[in-house]
Amino acid sequence: MKDFEYFTPTTLKEALSLLSQYKEEAKIIAGGQSLLVVMKQGLVAPEYVIDIKGISDLDYIKNGKDGLKIGALTIHRAIEKSPIIKKKFKVLSEMEKNLATIQTRNWGTIGGNLCHGEPAGDPAPVLIALNAKLRLSSSRGERIIDMEEFSKDYLEVALEPDEMLSEIQVPNPQPHTGTAHEKLMVMQGDLGVVGAAVSITLNPGDGTCKHARIALSNVDSIPLRAKDAEKQLIGKVIDEKVLDKACQVAAAEANPPSDVHASAEYRREMIKVFVKRVTNRALERAKKG
Ligand SMILES: Cc1cc2nc3c(=O)[nH]c(=O)nc-3n(C[C@H](O)[C@H](O)[C@H](O)COP(=O)(O)OP(=O)(O)OC[C@H]3O[C@@H](n4cnc5c(N)ncnc54)[C@H](O)[C@@H]3O)c2cc1C
C-alpha cells in the first residue's frame, strides 16, 4: 500500500476543510472495511486519508415529525438494535440483521456502505424503497439528494470531491404502508446474489395499490429502482396475476451480471422469485398498517 498522510478530525467542519483543501487527492475513511480492501488492491491510492470515526456528532438516530434521521457514522449494529427503528422502520432493522457478521456490523458505518457504491449492498435498495434522502455536506454548504439518484455506476456515487455524506433522512411511513426486504444468501450474512426491497401503500377503501416502490440489488451496476414493475401494481388490487406480471417486468428491467456466484439468467429468475415473495410480505404488512 502506498504511504499517505493521515488526519483525525473530530468535527465535521474540520473534516470538510481538509477535504476542500485536498479534494481528489484525499479519501475519507469511516470503518475502513471497504476502503482498505480497494487500497490494498491498488485501485485507490490517496495521498491523504481523513479518518472521520472520531466525529461523534455524526453518530445518531433520531425520529420526529419530519421522519427518521441517521448520522452517516452510525454503525450497522446500532441501526439493527435501535428501538425506534424496530418499531417504526422495522425493515431497516431486518435488513441490518442479515448484513455481514456482528463483528462487521459493529464497526462498519451506514455512510461508508452507501458511499462505497457497491451495487450488491443491502442498505441502498431498502432506503430507495423507503424514499430516503441523503444530506451531502461540504465547506460550500449542503444539498439534499434522493437516495435513488446517489449511485452513478459500479463503485461510483454522486459525491463531489469536497463533499461528505452527513445524514440519511427517511420520511415517516404513510398509513397502510408495508415494506419488506430479502436477499438470496449462500451463507447467512453474505452479500445477496440478488436482493429485493418493496414498499406498498394501499388505498384503505378499495384495497388498491396507491404507491409502490421496488428496488433491487446486484442486478445492475447500481441499486436498481424497477419503475416499470411498480407501474404494474399501482391502481390495481395486487392479486397473483398482477404480481406475476410485475415480477416479469422487473426481471426484464434489470441488467444482471454473470459472475462466479450466478449467471445473469439465474439472477433474472431470482428477481421474479424475490420480488414476488417480498411484495407479498409488504402487502401483508400494508393490510395490517
Ligand atoms: C466481511 C464483510 C462482509 C460484508 N457483508 C456485507 C453485506 O452482506 N451487505 C452489505 O451491504 N455490505 C456488506 N459489507 C460491507 C460493509 O457493510 C461495508 O464495508 C461497510 O459498511 C462500509 O462502511 P465503512 O464504514 O467500513 O466504510 P469505509 O470502508 O471506511 O468507506 C467506504 C467508502 O465510502 C467513503 N466514505 C465513508 N464514509 C463516508 C462519508 N460519510 N462521506 C463520504 N464518503 C465516505 C470512503 O471514502 C470509501 O470510499 C461487508 C463487509 C465486510 C468486510
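These figures come from a predicted structure and were not determined experimentally. We count ligands from 1, going down the list as the structure has it; atoms in each ligand are counted the same way.
Dense packing is recorded around NZ of Lys236, with more than 12 heavy atoms of other residues, nucleotides or ligands lying under 6.0 Å away. Applying the 6.0 Å contact sphere to CD of Gln41 captures more than 12 heavy atoms from other residues, nucleotides or ligands. Around atom OH of Tyr266, no more than 12 heavy atoms belonging to other residues, nucleotides or ligands sit under 6.0 Å away. Residue Gln188 places its CD atom among more than 12 non-hydrogen atoms of other residues, nucleotides or ligands, all under 6.0 Å distant. The 12-atom threshold is exceeded at CG of Asp66, counting heavy atoms of other residues, nucleotides or ligands nearer than 6.0 Å.
In this structure, of Gly32, Ser34, Ala15, the residue bringing a heavy atom nearest to atom 19 (O) of ligand 1 is Ser34. Across the listed options Asp122, Ile50, Ile28, Ile28 owns the non-hydrogen atom lying nearest to atom 47 (O) of ligand 1.
Against a heavy-atom cut-off of under 4.0 Å, Met164 is close to the following atoms of ligand 1: 42 (N), 43 (C). Each of the atoms 21 (O), 23 (O), 24 (P), 25 (O) of ligand 1 lies under 4.0 Å from some heavy atom of Thr109. For ligand 1, the atoms closer than 4.0 angstrom to any heavy atom of Leu159 are 43 (C), 44 (N). Listed by number with element, the atoms of ligand 1 under 4.0 Å from a non-hydrogen atom of Pro123 are 11 (O). The Ile29 neighbourhood of ligand 1 comprises atoms 30 (O), with distances under 4.0 Å to a heavy atom of that residue.
Considering backbone and side-chain N/O atoms, Ala72 never comes within less than 3.5 Å of an N/O atom of ligand 1. Residue Ala120 places no N or O, backbone or side chain, under 3.5 Å from any N or O of ligand 1. Checking only distances, Gly108 never comes within under 3.5 Å of ligand 1, N or O to N or O. Close N/O approach between Leu35 and ligand 1 is found [any backbone or side-chain N/O within under 3.5 Å]. For a threshold of 3.5 Å applied to N or O pairs, the pair formed by Asn98 and ligand 1 contains no separation below that value. Considering backbone and side-chain N/O of Leu165, one or more are found under 3.5 Å from N/O of ligand 1. Close N/O approach between Gly121 and ligand 1 is not found [any backbone or side-chain N/O within under 3.5 Å]. Backbone and side-chain nitrogen or oxygen atoms of Ala30 are examined, and one is located within less than 3.5 angstrom of a nitrogen or oxygen of ligand 1.
Note: the hydrophobic cluster containing Ile61 also contains Val91 (ILVMFWY, side chain heavy atoms under 4.5 Å, direct or indirect links). Linking Ile, Leu, Val, Met, Phe, Trp and Tyr residues whenever their side-chain heavy atoms come within less than 4.5 Å leaves Leu165 and Ile28 in two separate clusters. Val186 and Leu216 fall within a single hydrophobic cluster, where Ile, Leu, Val, Met, Phe, Trp and Tyr side chains are chained together by heavy-atom contacts under 4.5 Å.
For Ser258 (side chain) and Ser263 (main-chain N/O), no donor-acceptor pair under 3.5 Å exists by modelled atom type. Side-chain atoms of Asp146 do not come within 3.5 Å of backbone N or O of Glu149 as any donor-acceptor pair.
Taking atom 32 (C) of ligand 1 as the reference point, the nearest protein heavy-atom neighbour is Gly112 O, 3.5 Å. Summary of contacts: the protein heavy atom closest to atom 5 (N) of ligand 1 is Ala100 CB, 3.3 Å. Ranking protein heavy atoms by distance to atom 36 (N) of ligand 1, first place goes to Cys115 CB, 3.6 Å. The protein atom (non-hydrogen) at minimum distance from atom 53 (C) of ligand 1 is Gln33 CB, 4.0 Å.
Contact annotation for atom 24 (P) of ligand 1: protein present (non-hydrogen atoms, distance under 4.0 Å).
A salt bridge links Asp228 with Lys231: the closest approach of a Lys/Arg side-chain nitrogen to an acidic carboxylate oxygen falls below 4.0 angstrom.
Under 4.0 Å from ligand 1, the heavy atoms of Thr104 that appear belong solely to its side chain. Heavy atoms of Asp190 found under 4.0 angstrom from ligand 1 belong exclusively to the backbone. The side chain of Ile52, and not its backbone, has at least one atom closer than 4.0 Å to an atom of ligand 1 (non-hydrogen atoms only; side chain from C-beta on). With a 4.0 Å cut-off on non-hydrogen atoms, Lys183 touches ligand 1 through its side chain and not its backbone.
Heavy atoms of His76 come nearer than 4.0 angstrom to ligand 1 in at least one pair.
Inspection of the Thr8 and Asp51 side chains reveals no N or O donor paired with an N or O acceptor under 3.5 Å. Asn172 and Lys88 form a side-chain donor-acceptor contact under 3.5 Å, judged by distance and modelled atom types alone.
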Test log, rule ring-ring contact (aromatic ring centres under 6.0 Å, His included), inputs Phe4 and Tyr22: CA-CA 12 Å; Phe4 52 81; Tyr22 298 120; over 10 Å; no
